[in-house]
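Hydrogens, waters and symmetry mates play no part in the numbers below; they use all other heavy atoms, side chains included. Atoms within each ligand, like the ligands themselves, are counted from 1 in listed order.
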Amino acid sequence: MDDSHGVGDDPYAPAKAVLDGGGFGSDPVETAARLDADDPLSGLADRFFTPDDGLYMDGNSLGPASDAALASLDRVVDEWREHLIGGWTDADPPWFEVGERIGAALAPLVGAAPEEVVIGNSITVNVHTLVGTFLDELLAGNGPDRADSAAADGSWDPDVEPAVLVNELDFPSDHYAIRAQLRQRGIDPDEKLRVVESRDGRTIDPADVEAVLEEHDDVGIVFMPTALYRSGQLFDVARIAEAAHDAGAYAGFDAAHSVGAVPHAFDDAGVDFAVWCTYKYLNAGPGALGALFVAERHHGLTPALAGWWGHEKATQFEMNLTYTPADSAGAWQIGTPPLLAAAPLEGAVETLREAGIERIRAKSLALTDLLIALVDERLPEVAIGTPRDRDTRGGHVALEHPDAERLSRALTDRGVVVDFRPPNVVRVCPAAPYTAFADVLAVVDRIEAILDAGAHEEYAASEGGVT
Ligand SMILES: Cc1ncc(COP(=O)(O)O)c(C=O)c1O
Ligand SMILES: Nc1c(O)cccc1C(=O)C[C@H](N)C(=O)O
């Protein structure tokens, strides 16, 4: 990897200049080759296992294996063979604090202090425990300050049933979990899960989040994505957090579709809590552990889903029947961390750290700029469902086509791995660590060839299953 570019300057400015100059020039192959030659991250691709004869554009669902991820997995397998139960204390580093240790390694990616991040559970489980925790705080009258509170100390009035504010384009699992948490507290989710509507079916206007907060004074938690899973719209985390706090609500985020692709500043933005996975842009492998952030001011709270792995570490093995939560985000762990599902993340994060998240973001924007420009130029029947503005664009591009499902299957059969999300989106993710500018050109070439020949029309309609 060429390290001559410091973080801060944009080594991808030449790519932007090419695109701003009106497209990809008369010889796109030559232009892509030039951009790849100038790419300081180009050397990284050799360390990832992507198909030799295909194009992997699905890193927003499952990132590929890498040398570093497999090396850290192999190390833990060797430790298991060698140390057996002793690995919890004698492995180097010991397994006992794996959640905290790898959490600390992730913290810079989200702009957090080391003890504010931990790996554990899955996103869905972490939504359960964190939304549950903050609902309990509200119901106990301990919520954020509220100007209109009936409570003497200005905090949440415990007689008011708190609502949770979400949006209609969220990943469904989050709604399932939040509804369950409301139900378990005797709160009717049909009434208290407040859903911000989309104006265009693709994006959420932050002004609409603010408007719902103005209109309803019972919102105790605003829970939004940092980036939408379908369109890839990137949210202004600081703006949403400020709106939540101004309304006397907590601000929580599902950051699955941005961590590892987009830098975050959760502490500066005042985020209360966040969840994300590590199998997408963090490339830690299928079913790899989830991750979560809890702002330091909330450490010491009792998690809604308490378990012994979240107990204060120093006394965890005293086996007290009374639970003492760890004084860190580690408290939101529940049971024994699956070491083999945690191990690849250690190496995978090291590779991203070496690349630098600012540089990854700069390259990702250049790649998606290019993809959008090529689609505009060459695929008139395809619409761009992702915001064009760089500030509101995450790491993937949603290509909309009436026959998107069949198109995605035709692409997959031709070695271009993308995914389909109903009703009409093919998601294309040129992830920066291992995608070349030439790959983006090749994807567009293949889509064009399929559409020109009508090859997608040979596919049967959906049979369901994993897409
Ligand atoms: C935004 C978002 N939230 C939640 C989930 C569910 O994650 P998990 O299956 O790890 O609980 C996913 C993906 O599966 C997702 O993309
Ligand atoms: N988590 C997944 C899985 O276990 C199988 C297939 C896909 C996934 C996904 O990550 C889907 C993903 N959350 C999405 O953005 O659609």
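- Heavy-atom proximity to Ser122, at under 4.0 Å, picks out these atoms of ligand 1: 10 (O), 11 (O).
- The closest side-chain donor-acceptor pair between Asp413 and Tyr459 falls under 3.5 angstrom.
- The 12-atom threshold is exceeded at CD of Glu210, counting heavy atoms of other residues, nucleotides or ligands nearer than 6.0 Å.
- A donor-acceptor contact under 3.5 angstrom links the side chains of Thr133 and Trp332, judged on distance only.
- Distance from atom 11 (O) of ligand 1 to its nearest protein heavy atom, with residue and atom name: Thr124 OG1, 2.5 Å.
- For His264 and Phe293, the gap between ring centers reaches or exceeds 6.0 Å.
- With a 6.0 Å radius and a threshold of 12 heavy atoms from other residues, nucleotides or ligands, Glu296 has its CD atom at or below the threshold.
- Looking at atom 16 (O) of ligand 1, its nearest protein heavy atom turns out to be His257 NE2, 2.8 Å.
- Under the 30°/60° scheme for interplanar angles, the aromatic rings of Phe171 and Tyr229 are found to stand perpendicular.
- For ligand 1, the atoms lying closer than 4.0 Å to a non-hydrogen atom of Ala256 are 1 (C), 2 (C).
- Looking at Asp174 against ligand 1, only its side chain comes within 4.0 Å, counting heavy atoms.
- Just one residue in the list Leu292, Thr226, Leu282 forms a side-chain contact (heavy atoms from CB on, under 4.5 Å) with Trp276, and that residue is Leu282.
- Here the protein heavy atom with the shortest distance to atom 2 (C) of ligand 1 is Asp254 OD2, 3.3 Å.
- Near Tyr229, the atoms of ligand 2 lying under 4.0 angstrom from a non-hydrogen atom of the residue are 15 (O), 16 (O).
- Checked by distance only, ligand 2 and Lys280 come closer than 3.5 Å through their nitrogen or oxygen atoms.
- Between Thr351 and Ser66, the side chains place no donor N or O within less than 3.5 Å of an acceptor N or O (distance only, hydrogens not considered).
- Near Lys280, with a cut-off below 4.0 Å to any heavy atom, the atoms of ligand 1 are 13 (C), 16 (O).
- More than 12 heavy atoms of other residues, nucleotides or ligands sit less than 6.0 Å from atom CH2 of Trp88.
- Among Pro286, Ser61, Ala227, the residue whose heavy atom lies closest to atom 9 (C) of ligand 2 is Ser61.
- Comparing heavy-atom distances from atom 11 (C) of ligand 2 across Arg230, His257, Arg421, His396 singles out Arg421 as nearest.
- Annotation for ligand 2: atoms under 4.0 Å from non-hydrogen atoms of Arg427 are 14 (C), 15 (O), 16 (O).
- By the 6.0 Å contact criterion, CD on Glu168 is enclosed, its count of non-hydrogen atoms from other residues, nucleotides or ligands being greater than 12.
- The shortest N or O to N or O distance between Asn60 and ligand 2 is not below 3.5 Å.
- Residue Tyr279 has at least one heavy-atom neighbour below 4.0 Å for each of these atoms of ligand 2: 1 (N), 10 (O).
- Closest heavy-atom approach to atom 7 (O) of ligand 1 among the candidates Tyr229, Phe171, Trp276, Tyr279: Tyr279.
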